[in-house]
Amino acid sequence: MSKQQPTQFINPETPGYVGFANLPNQVHRKSVKKGFEFTLMVVGESGLGKSTLINSLFLTDLYPERIIPGAAEKIERTVQIEASTVEIEERGVKLRLTVVDTPGYGDAINCRDCFKTIISYIDEQFERYLHDESGLNRRHIVDNRVHCCFYFISPFGHGLKPLDVAFMKAIHNKVNIVPVIAKADTLTLKERERLKKRILDEIEEHNIKIYHLPDAESDEDEDFKEQTRLLKASIPFSVVGSNQLIEAKGKKVRGRLYPWGVVEVENPEHNDFLKLRTMLITHMQDLQEVTQDLHYENFRSERLKRGGRKVENEDMNKDQILLEKEAELRRMQEMIARMQAQMQLQMQGGEGDGTVHGHHV
Amino acid sequence: MMGKGTQMVRTPGVPGLHFPASLGQLSISASYIARPLICCTQLPAQLEEVGRDSRYSSSYGAMDKEYVGFAALPNQLHRKSIKKGFDFTLMVAGESGLGKSTLINSLFLTNLYEDRQLPEASARLTQTLTIERRGVEIEEGGIKVKLTLVDTPGFGDSVDCSDCWLPVVRFIEEQFEQYLRDESGLNRKNIQDSRVHCCLYFISPFGRGLRPLDVAFLRAVHEKVNIIPVIGKADALMPRETQALKQKIRDQLKEEEINIYQFPDCDSDEDEDFKRQDAEMKESIPFAVVGSCEVVRDIDSRPVRGRCYSWGTVEVENPHHCDFLNLRRMLVQTHLQDLKEVTHDLLYEGYRARCLQSLARPGARDRASRSKLSRRSTTEIPLPMLPMLPLAETEKLIREKDEELRRMQEMLEKMQAQVQQSQAPGEQSDAL
């Protein structure tokens with residue numbers, strides 16, 4: 001905006017031009033200064049290539065020193081939450097990326113309690129944001145809410161496993177789910193199409209709400225519209241991850257070297273890695289918005305509804321709990337006394353029997 | 001059986017004697033004396049004929065006079081077994097989607113899973129483990145094999161897989177029980193051997209080794225069945241990863257003290273080639289396999305069984321691509337009979353010993369559980385060797401009644417003794 005003559009507010013070159021077409025630029029500059037933050041959660045059984053994929057997506061090494069536990073340790077372990085943050089910069093734009101990993105998911109023999117930890121983590125982040133939002137100093141709220149969850153599906157199953165269905169149903173109202181078919185280099189083209197279709201059918205059958213890409217605006221250019229259409233058609237994305245550089249057709253590419261050929265990670269004919277990355281980058285903003293407008297608001301309204309009554313109930317419950325516990329104690333004491341008496345009787349009687357049986361033994 | 005030519009396999013004990021591979025399934029336990037005895041100077045006509053048989057004449061031409069002829073015994077056994085036919089029961093276990101049915105079809109070149117319907121997701125949510133048996137008769141080169149396949153659909157599928165291996169263990173033990181009963185019965189001519197001779201356990205190539213469920217299952221069955229661990233869908237792994245995974249699994253098996261089937265060592269008089277082959281095969285356990293029933297074209301446009309990707313074609317029968325050939329050779333061509341023998345001599349005998357032991361020491365059980373009513377009588381060990389069937393309700397009732405009767409008798413005797421004591425001590429009592 002030119003303001004060379006304070007009395008003249010009109011630029012003679014462009015009459016009728018106020019200048020707020022420049023606003024997006026201001027937003028842009030401010031956001032570049034401020035930087036972006038994004039929290040991505042990855043969930044899936046171990047061995048499905050989650051960490052390799054994350055490293056491939058962001059071209060970083062978020063998992064430098066990993067100790068993978070043996071089977072015996074895995075039996076005892078419960079699901080844990082590990083959040084690692086990294087600041088990436090590209091062309092002056094800073095991104096503060098937090099990746100939340102869930103090691104131990106799906107490992108145990110009994111996976112019923114697998115996702116309780118994960119759900120409570122998500123709720124905790126919402127809780128914290130709510131608390132910050134209601135506080136005094138709202139300038140520097142750190143947004144640690146989970147904006148997107150990549151759910152890794154094994155390419156082997158014939159569709160979704162019962163654990164997959166149960167987990168997705170438990171979190172589809174709290175976070176944006178993006179289903180991903182992992183290690184897709186074990187699937188031929190036909191098998192891939194079949195599996196994708198089957199997964200989509202099952203998602204619909206169980207009423208699971210996954211993240212839907214927004215349609216391209218009508219004023220976007222054709223290329224963008226076409227890209228969005230392609231992306232939508234390829235969900236769930238079947239990906240292959242790799243951090244190794246292989247020599248193929250004279251150039252170095254990231255891929256996996258098999259005796260029968262080379263799988264290139266960034267080859268759209270081999271897998272949907274590029275599509276996944278495009279989707280994530282193009283729609284990062286949208287993912288954050290949906291988290292804010294839909295999931296967070298859901299959480300907030302639930303919380304506020306409960307909020308008033310919750311405190312009173314807690315106090316009352318405490319007294320009740322005390323009384324109940326005392327009653328329990330008394331009952332247990334009585335039971336123990338009775339059992340002791342019985343045992344004594346038995347021992348006396350038993351000894352009598354013993355002498356008789358002694359002849360036979 | 002399926003090889004492109006006959007493979008020579010030696011039988012133990014008789015140097016210089018070769019049998020074609022299909023006959024090699026006979027492992028004859030009698031040891032033959034290599035030196036024939038001096039018995040008679042003139043051979044009876046038939047023996048002479050046998051002696052002149054091309055298979056035997058090689059080393060014995062010079063020793064015709066001292067030839068008795070029992071080097072022909074294997075031949076007789078061979079003929080008998082061809083007539084009788086072979087039967088084999090194979091169990092496959094592992095999570096769904098690891099390629100079990102495809103591998104079985106590839107191994108035996110049959111279509112055992114023709115009318116297969118994969119259950120819908122909602123059905124799978126509530127599915128429990130079931131045991132399915134399928135049988136097929138295969139014939140090749142005049143030799144009939146009755147193959148029974150035991151499948152375990154639903155294994156490892158549900159959210160809570162605790163104790164999902166119990167039906168499998170029960171099934172295996174039921175087969176042993178059935179055989180024990182048949183063996184102890186009167187008519188033992190035609191015992192149907194439905195015992196499980198081998199269990200192919202499929203491990204996921206993704207799991208970074210054995211998962212807790214794998215360990216739990218293997219621990220539950222390793223003393224009851226021959227286990228051959230197999231890595232399914234191995235085309236997900238690069239060669240380096242395959243080696244690392246195999247090593248990891250081997251280490252874990254040793255750590256958890258799980259006894260898998262040990263392929264027997266070959267004899268020291270085998271030739272170097274065979275020994276090397278044998279060592280290679282043993283090194284590649286667990287076998288990393290790829291199965292396929294489709295015929296595709298390889299690089300030279302020859303039709304092979306394999307999987308076609310946009311970056312290349314995996315050939316099932318290419319030893320550089322996977323261990324399918326090794327598995328087939330070891331399982332079918334060379335060690336089928338050995339698996340049956342180990343099942344019979346080792347695992348079944350172990351089961352039988354455990355069964356008999358628990359019958360023979362009921363006194364120990366009495367002392368241990370006074371408060372419980374002992375089901376077994378302490379004085380009788382059942383004859384003739386009728387095994388104790390824990391699930392047989394009527395037998396339990398009979399024994400309980402026996403126990404009751406005995407106790408009542410004791411009480412009676414006690415009362416009688418008391419009565420006598422209260423009578424004049426000097427009187428003689430008829431009861432005594």
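So that the names make sense, note that chain A is the first sequence line, chain B the second, and so on, each numbered from 1.
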Among Glu95(B), Met238(B), Lys233(B), who wins on heavy-atom pairs under 4.5 Å with chain A? Met238(B)
Whatever's closer than 4.5 Å to a heavy atom in chain A on Ala216(B) counts as side chain
Indicate yes or no for a side-chain donor-acceptor contact from Ser292(B) to the backbone of Val316(B) under 3.5 Å, with no hydrogens or angles considered. no
If I measure from the heavy atoms of chain A, does Glu315(B) come under 4.5 Å with its side chain, its backbone, both, or neither? neither
Heavy-atom pairs under 4.5 Å with chain A - which of Leu237(B), Asp163(B), Asn318(B), Val290(B) has more of them than the others? Leu237(B)
How far apart are the C-alpha atoms of Phe156(A) and Phe206(B), what are their side-chain angles, what is the distance that settles it, and do they pass the ring-ring contact (aromatic ring centres under 6.0 Å, His included) test? CA-CA 10 Å; Phe156(A) 288 167; Phe206(B) 292 164; 4.6 Å; yes
For the side chain of Tyr309(B) and the backbone of Thr186(A), is there at least one donor-acceptor N/O pair under 3.5 Å apart? yes
Heavy-atom distances under 4.5 Å only: say whether His321(B) touches chain A with side chain, backbone, both or neither. both
Salt bridge check: are Arg254(A) and Glu266(A) linked by an N-O gap of less than 4.0 Å? yes
For Ser162(B), is it the side chain, the backbone, both, or neither that has a heavy atom closer than 4.5 Å to a heavy atom of chain A? both
Would you check if the side chain of Gln243(B) reaches a backbone N or O of Arg240(B) as a donor-acceptor pair within less than 3.5 Å? no
Out of Gly156(B), Gly232(B), Gly209(B), Cys161(B), return the one with the most heavy atom pairs under 4.5 angstrom to chain A. Cys161(B)
Would you say Asp214(B)'s side chain and Arg211(B)'s backbone share a donor-acceptor pair under 3.5 angstrom? yes
In terms of the angle between their ring planes, are Phe155(B) and Phe217(B) parallel, tilted or perpendicular, with boundaries placed at 30° and 60°? perpendicular
Heavy-atom pair count under 4.5 Å with chain B, highest-scoring of Cys111(A), Gly106(A), Pro155(A), Ala182(A): Cys111(A)
Measure Glu45(A) against the heavy atoms of chain B and call it side chain, backbone, both or neither at under 4.5 Å. side chain
